[in-house]
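These notes concern the structure reproduced below.
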Amino acid sequence: MDAFTAGLLQRIKTTESDLTRARETGDDFLADVEQGELDDLHRLAAEHGIEVGATTL
């Protein structure tokens, strides 16, 4: 796995965690921001042929 792929997958994992935390604390604005970031990361992964796998959300 190259550094780009590893970094992108780590960013996805971190963003998923941040999104879960925002939802659990009821921070709707932050949840929207994190969801947008996660959508962008998934789009970027798809554009580069990176398999993300099932999310926990």
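For the numbers below, each heavy atom of this structure counts, side chains included, while hydrogens, waters and symmetry mates do not.
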Using residues 46-53 as the side-chain source, report each donor-acceptor pair under 3.5 Å to any protein atom, sequence neighbours left out, with the distance given to one decimal.
residue, atom, partner, partner atom, Å
Glu47, OE1, Arg43, NH1, 3.4
Glu47, OE2, Arg43, NH1, 2.9

**Asked** Any side-chain heavy-atom pair from Arg21 and Ser17 closer than 4.5 angstrom?
**Response** yes
**Message:** Could you report the tightest heavy-atom contact between Ile12 and Ala45, atom names first, then the distance?
**Reply:** CD1-CB, 4.4 Å
**Request:** If a pair satisfies salt bridge (Lys or Arg N to Asp or Glu O under 4.0 Å) and one of its residues is in residues 26-39, list it, with sequence neighbours excluded.
**Result:** Arg11-Glu37
**Message:** Return the OG1 to CG distance between Thr25 and Leu30, rounded to the nearest 0.5 Å.
**Reply:** 7.0 Å
**Request:** Examine the side chains of Glu24 and Thr20 and answer whether a donor and an acceptor come within less than 3.5 Å of each other.
**Result:** no
**Prompt:** From Lys13 NZ over to Thr15 OG1, what is the distance, rounded to the nearest 0.5 angstrom?
**Reply:** 12.0 Å
**Prompt:** When you check the side-chain N and O atoms of Thr5 and Asp2, is any donor under 3.5 Å from an acceptor?
**Reply:** yes
**Pairwise distance CG(Leu9) to CZ(Phe4) - rounded to 0.5 angstrom** = 9.5 Å
**Item:** CG-CG distance between Leu8 and Leu44, expressed to the nearest 0.5 angstrom
**Value:** 5.0 Å
**Linked hydrophobic residues, Phe29 as query - side chain contacts closer than 4.5 Å** = Val33
**Item:** Shortest non-hydrogen separation from Leu19 to Ala31 and the atoms involved
**Value:** CD1-O, 3.3 Å
